[in-house]
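Below is one structure, written out as structure tokens; the observations come after it.
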Amino acid sequence: MYTRKLNVLPSGAGCTGQIKLRNLLDCLQDTASLAVQDVEGTPGALMSRGYAWVLLKYDLDVVLRLPAMDETFEIRTWHMPDSGFYTLRVFEIDGEGPGGLLPLVRAKTSWILLDLAAGRPVRPIKHLPEVFTRDAQPISADFRDVPKAGTAPVREAMFPVRFHDLDANIHVNNAVYFEWLFEATPLDLTAWGVKSMSAEFRVSAKPGDTIRVEVQERPGGGVKNAPEYLYTMWSTAEPDDSRGGRRPLARFRCLWEPLEAAGRN
């Protein structure tokens, strides 16, 4: 298990006084890289070897709240490679309470190792066998389902891919997708926060793309005073497939909760 302590600086906090979700997700991704840096090298070194990790699935639960401005929080992470194409990684985020650490956020992710030259996934056990020797612990491979949205979105929003959305692979960083999700949500986000979120990533957004986010409320998906929305993200540059359809970039399922009711305001 790898542990890292961080502080929520003013530049990372949003208008609710808590860390912006995109900033937190960036912290988690950086922590994962640091956890294996001495066995697989830095992300730059991994790229020089012709590989990159690509995110497939994300389950995130806000147990109590997001870390607040000026707060010190702790990230713990471990992973579980398998003999196939996938590797799983868990994150636990705790804050400092009067009686010790308080569980704030939990997340589970699924990744594939991409051969950059071939543009296809490869088996980590064959190409990066060293990752099987560090911080490996059992992790359930089950993720929450992300249902397909219906045909009548309650809202649509368009976002051009910006220069600063891109990572070193010239693809949109995965945390940016969550930022688009926030901007497209038909709620006053000064009063609402994420309770749980699940994501499935399918196609990478690239420079020059314009992203259309379709949002639909899931009937019966939420509970009282806690709506649940389904999000589908499309690129206007993605060509139709042989059946005349178009592959979505990503799909999300998000349950929202009033910040005041949750004691997070």
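Residues: numbered from 1 along the sequence shown.
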Contact summary for [X] and [Y], nearest pair of heavy atoms:
X      : Y      : value
Leu88  : Ala141 : CD1-CA, 3.7 Å
Pro248 : Thr232 : CB-CG2, 3.8 Å
Trp180 : Ala205 : CH2-CB, 4.4 Å
Ala184 : Phe159 : N-CZ, 4.2 Å
Leu181 : Trp256 : CD2-CZ2, 3.8 Å
Pro10  : Met69  : CA-SD, 3.8 Å

Transitive ILVMFWY side-chain link [X] to [Y], under 4.5 Å:
X      : Y      : result
Met197 : Leu187 : yes
Phe91  : Leu24  : yes
Leu28  : Leu9   : no
Leu249 : Leu55  : yes
Leu101 : Leu64  : no

Looking at side-chain heavy atoms only, is the closest gap between [X] and [Y] below 4.5 Å?
X      : Y      : result
Phe143 : Ser198 : no
Glu179 : Lys20  : no
Val213 : Glu183 : no
Pro207 : Ile170 : yes
Phe252 : Met233 : yes
Glu214 : Trp234 : yes
Ile75  : Leu6   : yes
Tyr51  : His127 : yes

Determine whether the side chains of [X] and [Y] contain a donor N or O and an acceptor N or O closer than 3.5 Å.
X     : Y      : result
Arg89 : Thr77  : yes
Tyr58 : Ser110 : no
Thr3  : Arg76  : no
Glu71 : Asn7   : no

Roughly how far apart are [X] [atom1] and [Y] [atom2], rounded to 0.5 Å?
X      : Y      : atom1 : atom2 : answer
Lys5   : Asp94  : NZ    : CG    : 10.5 Å
Cys15  : Leu189 : SG    : CG    : 8.0 Å
Glu92  : Arg106 : CD    : CZ    : 4.0 Å
Gln216 : Leu230 : CD    : CG    : 6.5 Å
Leu113 : Arg120 : CG    : CZ    : 12.0 Å
Tyr86  : Lys57  : OH    : NZ    : 7.5 Å

Answer yes when [X] and [Y] have at least one side-chain N-carboxylate O distance shorter than 4.0 Å, and no when they do not.
X      : Y      : value
Arg162 : Asp165 : yes
Asp61  : Arg144 : yes
Lys108 : Asp142 : no

Applying salt bridge (charged side-chain N to carboxylate O under 4.0 Å, His left out) to Arg253 and Glu228, what does each step give before you reach the verdict? CA-CA 7 Å; Arg253 170 184 178 182; Glu228 186 174 36; 2.8 Å; yes
Step by step, would you call Ile139 with Trp78 a side chain to side chain contact (heavy atoms under 4.5 Å, CB included)? CA-CA 9 Å; Ile139 298 172; Trp78 64 94; 3.5 Å; yes
Is there a donor-acceptor pair closer than 3.5 Å between any side-chain N or O of [X] and the backbone N or O of [Y]?
X      : Y      : value
Asp145 : Pro147 : no
Asp30  : Cys27  : no
Asp167 : His171 : yes

Checking side chain to side chain contact (heavy atoms under 4.5 Å, CB included) against [X], which of [options] comes through?
X      : options                       : answer
Trp53  : Thr109, Ile112, Thr87, Leu114 : Thr87
Phe178 : Val194, Asn173, Leu25         : Leu25
Gln18  : Leu104, Val62, Leu66, Asn23   : Leu66

Using the test salt bridge (charged side-chain N to carboxylate O under 4.0 Å, His left out), find all partners of Glu156 that sit at least two apart in sequence or belong to another chain. none
Do other residues, nucleotides or ligands put more than 12 heavy atoms under 6.0 Å from Asp188 CG? yes
After noting the C-alpha distance and the side-chain angles of Tyr231 and Thr185, does the key distance pass the side chain to side chain contact (heavy atoms under 4.5 Å, CB included) rule? CA-CA 9 Å; Tyr231 305 77; Thr185 298; 2.8 Å; yes
Steps toward side chain to side chain contact (heavy atoms under 4.5 Å, CB included) verdict (Leu259, Trp192): CA-CA 5 Å; Leu259 291 175; Trp192 293 80; 5.6 Å; no
Please walk me through it: do Phe182 and Tyr177 pass ring pair (Phe, Tyr, Trp, His ring centres under 6.0 Å)? CA-CA 9 Å; Phe182 267 68; Tyr177 292 77; over 10 Å; no
Going through the checks in order, is the side chain to side chain contact (heavy atoms under 4.5 Å, CB included) test met by Glu96 and Glu74? CA-CA 8 Å; Glu96 295 181 346; Glu74 180 179 282; over 6 Å; no
